[in-house]
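First the structure, in the form of structure tokens, and then the observations on it.
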Number of protein chains: 2
Amino acid sequence: MQVSEHRRGPVRSEAARVAILEATARLFETRGYDQLTMEGIAAEAHVGKQTIYRWWPSKSAVVADCMVEGLLLREYMSPPDTGDLRADLTVWIGGILNFLDGGGASLVRSLVAAAIDRPSIGERLGEALGINHLLNARLESAVDVGQFSPTRPTQPFSRALVGAIVLLALAGEPAEPETAAQLVDAVLG
Amino acid sequence: MQVSEHRRGPVRSEAARVAILEATARLFETRGYDQLTMEGIAAEAHVGKQTIYRWWPSKSAVVADCMVEGLLLREYMSPPDTGDLRADLTVWIGGILNFLDGGGASLVRSLVAAAIDRPSIGERLGEALGINHLLNARLESAVDVGQFSPTRPTQPFSRALVGAIVLLALAGEPAEPETAAQLVDAVLG
DNA sequence: CATACGAGACGGACCGTCTCGTCTTTCTGT
DNA sequence: ACAGAAAGACGAGACGGTCCGTCTCGTATG
């Protein structure tokens with residue numbers, strides 16, 4: 001029984017989809033979230049506005065798909081693993097703080113704004129940025145070596161660490177050199 | 001040499017200032033931050049738009065002053081002090097999570113949105129909501145009783161705890177009963 | 001022949017500025 | 001001392017501008 005899986009007519013244009021996501025990522029990184037407009041995306045991607053609205057309900061949904069596709073951030077997401085948890089976390093957070101001071105804070109603010117606008121982005125943000133995956137994996141590895149107590153739940157720990165970083169990004173104050181080490185000392189004990 | 005401290009003409013109307021802040025707080029709590037408009041505030045406060053723009057540069061600046069005046073939140077900011085740090089933090093965070101589940105999450109999301117729009121609100125948020133003051137005081141108290149290591153910096157610890165709560169609010173998922181205890185276990189160790 | 005596409009017109013919401021006429025406070029001249 | 005002028009805050013709202021989200025074209029594709 002040959003059943004057509006497609007309606008009649010042309011299928012969704014992959015070229016348009018990619019062009020929209022890439023244009024969004026491009027504008028997002030240069031202009032920030034609130035300067036990002038549907039009309040701007042359409043123009044940048046050489047696409048009709050209706051083509052965006054046909055597949056995404058809102059600006060933040062487009063941004064969310066940009067993250068899922070890995071077009072945003074991707075770096076700064078994977079803590080190193082040299083066997084020394086405290087040192088690894090300090091280096092990792094130090095790198096993130098440098099990124100924040102170098103203009104990354106506004107990008108993070110924009111991502112949080114997108115997450116507020118559409119809570120599902122918040123989950124994707126957390127997952128895509130490795131709150132659960134990469135950082136948790138590093139913590140599990142530390143448990144095996146006896147550097148992290150098995151009684152401490154890793155997921156809430158990761159949430160606290162990432163939450164502190166997000167608050168630092170929201171505050172917008174330049175981080176002191178010792179901020180990373182202090183944060184690690186504070187949460188590791 | 002009599003030097004006048006005032007320009008000529010009438011002084012700023014305290015009635016208008018209070019009416020604007022109260023109208024903002026009222027609309028903010030019922031409508032949320034993005035539904036809050038300058039024109040809506042002006043109408044609700046029976047005030048000309050120019051009177052708002054004369055004293056505040058933006059919507060988020062008005063919201064910031066609402067917080068400074070204590071017209072927003074105020075509860076949920078003071079952790080108890082029974083002498084048992086772990087229990088106190090668990091109870092305190094549990095109360096906040098209940099508040100978030102009961103509709104408070106969208107209010108927090110709106111406040112974070114305001115903080116993004118104007119970073120100075122972020123600082124005021126932190127200060128006014130007790131990240132530094134009340135929670136730090138509770139931690140210092142715990143240091144005196146030997147329940148919190150003096151080598152752990154209290155300010156970054158507070159930031160991590162509040163950051164975790166903010167992320168929970170942004171995620172929008174209802175909190176499990178054990179979430180508060182898990183978070184405390186994760187950060188206290 | 002059904003449907004996605006690029007392009008863009010359209011009404012609506014809200015922004016931030018401005019311009020009214022009115023009222024209140026302080027300075028100036030007699 | 002006292003009238004009036006000067007300055008500025010006030011409520012109200014008109015105005016152009018930007019962006020939204022919907023819609024309607026004609027074209028291209030399966």
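Only a predicted model underlies this, so the values are computations on that prediction, with no experimental measurement involved. Below, read A as the first sequence line, B as the second, and so on, with proteins coming before strands; counting in each chain starts at 1.
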Output the rounded distance in Å from [atom1] ([X]) to [atom2] ([N]).
X     : N      : atom1 : atom2 : answer
A:W56 : D:dC20 : CH2   : P     : 15 Å
B:Y53 : D:dA12 : OH    : C1'   : 15 Å
A:I52 : D:dC19 : CD1   : P     : 14 Å
B:M38 : D:dG11 : CE    : P     : 14 Å
B:I41 : C:dC15 : CD1   : C1'   : 13 Å

- Message: Measuring from atom CG of B:D88 to atom CG of B:L135, what distance do you get when rounded to the nearest 0.5 angstrom?
- Response: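 Reported value, rounded in 0.5 Å steps: 11.0 Å.
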- Rounded distance [0.5 Å steps], CD in B:E39 versus CD in B:E44: 14.5 Å
- May I ask you to test the A:P156-B:T179 pair for a side-chain heavy-atom distance under 4.5 Å?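 Not in contact.
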- Please tell me which of the listed nucleotides, C:dC14, D:dC19, D:dA14, lies nearest to the side chain of B:K49? D:dA14
- Does the pair B:D185/B:R86 count as a salt bridge with the N-to-O cut at 4.0 Å? yes
- Item | Pair A:D81 + A:R138, salt bridge at N-O below 4.0 Å |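 Looking at A:R138 together with A:D81, the answer is yes, because their closest N to O distance falls below 4.0 Å.
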- Query: Between A:L36 and B:E39, who's closer to the 5' end of DNA chain D by nearest nucleotide?
  - Reply: B:E39
- Within 45° of the axis and under 6.0 Å from the centre of the six-membered ring of B:F28, does NZ or CZ of B:K59 qualify?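 Relative to the ring axis of B:F28, which defines the angle, B:K59 lies outside at least one limit.
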Name the pairs: protein N/O against N/O of nucleotides 2-6 of chain C, kept only if under 3.5 Å.
unit_1, atom_1, unit_2, atom_2, d
C:dT3, O4', A:R8, O, 3.4
C:dA4, OP1, A:R7, NH2, 2.7
C:dC5, OP1, A:S13, N, 2.9
C:dC5, OP2, A:R54, NE, 3.2
C:dC5, OP2, A:W55, NE1, 2.8
C:dG6, OP2, A:T51, OG1, 2.7

